[in-house]
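Everything on this sheet refers to the single structure shown next.
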Amino acid sequence: MSMLLNQERVSMLKQRASETRKLILKTVHHAGAGHVGGPMSAVEVLVSLYFEEMNINTAEPHWVDRDRFVLSKGHSAIALYSVLAQRGYFPTDELNTFDEIDSRLQGHPDMKILPGVDMSTGSLGQGISAAVGIALGGKLNNKTFRTYCMIGDGESQEGQVWEAADVASKYQLDNLVVIMDYNKLQQYGWAGTITERENPALSPEKRWEAFGWNVISVDGHDVEQINRAFKEAKQIKGKPTIIIANTIKGKGVSFMENSYSWHARVPNDKELEAAITEIEMGV
């Protein structure tokens with residue numbers, strides 16, 4: 001496969017990203033609950049995975065040789081759901097049930113009830129360990145599927161992330177690709193303050209390199225860079241890859257961007273209308 005996307009594919013992925021952002025906002029508004037900032041920063045990576053990169057079969061969600069994806073930052077589930085719905089795993093209208101007590105679309109992904117979800121997540125720091133286990137299982141069983149995992153920069157304060165990183169390097173899991181959604185903000189800023197401050201963990205690239213990983217840094221909102229990174233990762237042998245996706249929390253809506261206050265705030269009617277208009281104008 002070519003390392004480059006043609007312009008038709010680029011245009012399609014950008015359109016899907018725009019639609020995903022609208023679905024995120026409309027769904028959270030309808031439910032009166034949910035996260036916004038983190039899901040919005042993860043959009044281009046998720047769209048690129050499900051519409052370009054991953055080997056999947058929506059008609060057979062549990063196909064044994066499918067590529068796997070683990071959303072370790074499980075509170076951004078609405079972004080994943082919005083992409084899965086567009087990909088055809090379930091009707092888009094079902095997004096209107098998000099966060100209801102009997103819905104398949106809970107606030108965090110549940111692999112037992114929703115097709116297309118490979119791992120139940122929500123306890124931050126744990127998803128990458130599951131992804132390492134899945135990738136190791138694939139290696140031991142001589143499977144060719146690849147495992148992808150999205151982690152947050154905030155959850156990377158959890159020690160379990162680095163224990164998993166160490167194990168993945170030890171077993172040379174070149175079938176594992178982790179993507180860090182590096183939006184540089186967590187729920188209340190950094191270090192327990194209530195003011196916005198940048199991530200104090202300088203140079204995540206150097207830290208992951210020290211753990212023996214292949215490291216690629218990209219603009220996490222540039223689908224062409226993301227695609228090239230995924231293709232490059234497939235050429236790496238003997239070590240896992242992490243893609244540091246430099247992103248913007250709340251991406252796509254100017255009054256939400258780079259503001260931790262939109263981590264889990266629900267837009268009101270006026271804010272929703274303004275946000276949808278801005279997203280559509282930016283297409």
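Keep in mind it's a predicted model, so treat the numbers as computed, not measured. The chain is numbered in sequence order, starting from 1.
Residues E209 and W213 form no side-chain contact, since every pair of their non-hydrogen atoms from C-beta on lies 4.5 Å or further apart. In this structure, P109 and Y81 have side chains that are in contact, with non-hydrogen atoms separated by less than 4.5 Å. Contact annotation: the side chain of V266 never approaches that of N268 to less than 4.5 Å [non-hydrogen atoms, C-beta and beyond]. Counting only heavy atoms from C-beta outward, the side chains of S156 and M180 approach each other to under 4.5 Å.
Taken to the nearest 0.5 Å, the CG atom of D110 stands 10.0 Å off from the CE atom of M119.
Between N246 and H221, the side chains place no donor N or O within less than 3.5 Å of an acceptor N or O (distance only, hydrogens not considered). With 3.5 Å as the limit, one finds no donor-acceptor pair spanning the side chains of T121 and Q126. Side-chain contact check for E205 and S217: at least one donor-acceptor pair (N or O, by modelled atom type) lies under 3.5 Å. Defined by atom type and a distance below 3.5 Å, a donor-acceptor pair is missing between the side-chain atoms of E280 and S18. Side-chain contact annotation: E155 with S72, donor-acceptor N/O pair under 3.5 Å present.
Salt bridge K143/D65: present, at least one basic N to carboxylate O contact under 4.0 Å. Salt bridge annotation for E44-K251: absent, with no cationic side-chain nitrogen under 4.0 angstrom from a carboxylate oxygen. Salt-bridge formation is not detected for the pair K234/D174: no Lys NZ or Arg NE/NH1/NH2 atom is positioned less than 4.0 Å from an Asp or Glu carboxylate oxygen. Taking a cutoff of 4.0 Å between a charged side-chain nitrogen and a carboxylate oxygen, R66 and E60 do not qualify as a salt bridge. K249 and E257 are not joined by a salt bridge, as no carboxylate oxygen comes within less than 4.0 angstrom of a charged side-chain nitrogen.
No donor-acceptor distance shorter than 3.5 angstrom exists from the side chain of S11 to the backbone of Q7, with no hydrogens or angles considered. Checking side-chain atoms of S103 against main-chain N and O of D99 turns up no donor-acceptor pair under 3.5 Å. Of the possible polar contacts, one joining the D118 side chain to the F69 backbone as a donor-acceptor pair under 3.5 Å is found. At least one donor-acceptor pair closer than 3.5 Å links the side chain of S41 to the backbone N or O of G38.
Within a 6.0 Å radius of CD in E273, other residues, nucleotides and ligands contribute 12 heavy atoms or fewer. Counted within 6.0 Å of CZ on F90, heavy atoms from surrounding residues, nucleotides or ligands total more than 12; the atom is thus considered enclosed.
Between L46 and L80, the closest heavy-atom pair is CD1-N, 3.8 Å. V36 and P267 get closest at one heavy-atom pair: CG2-CD, 4.4 Å.
With a 6.0 Å cutoff to the six-membered ring centre and a 45° limit on the axis angle, R68 counts as a cation-pi contact of F145. Within the cation-pi definition used here (under 6.0 Å to the ring centroid, within 45° of the axis), K184 qualifies as a partner of Y182.
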Step-by-step salt bridge (Lys or Arg N to Asp or Glu O under 4.0 Å) determination, E53 to K231: CA-CA 8 Å; E53 177 62 20; K231 299 299 183 286; 2.8 Å; yes

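Annotation: ring-ring contact (aromatic ring centres under 6.0 Å, His included) contacts of W162 (sequence neighbours excluded): W208, F211. Every residue meeting the side chain to side chain contact (heavy atoms under 4.5 Å, CB included) condition with E19, not counting sequence neighbours, appears here in chain and number order: K22, L23, Q86.
Between Y148 and F230, the gap from one ring centroid to the other is short of 6.0 Å.
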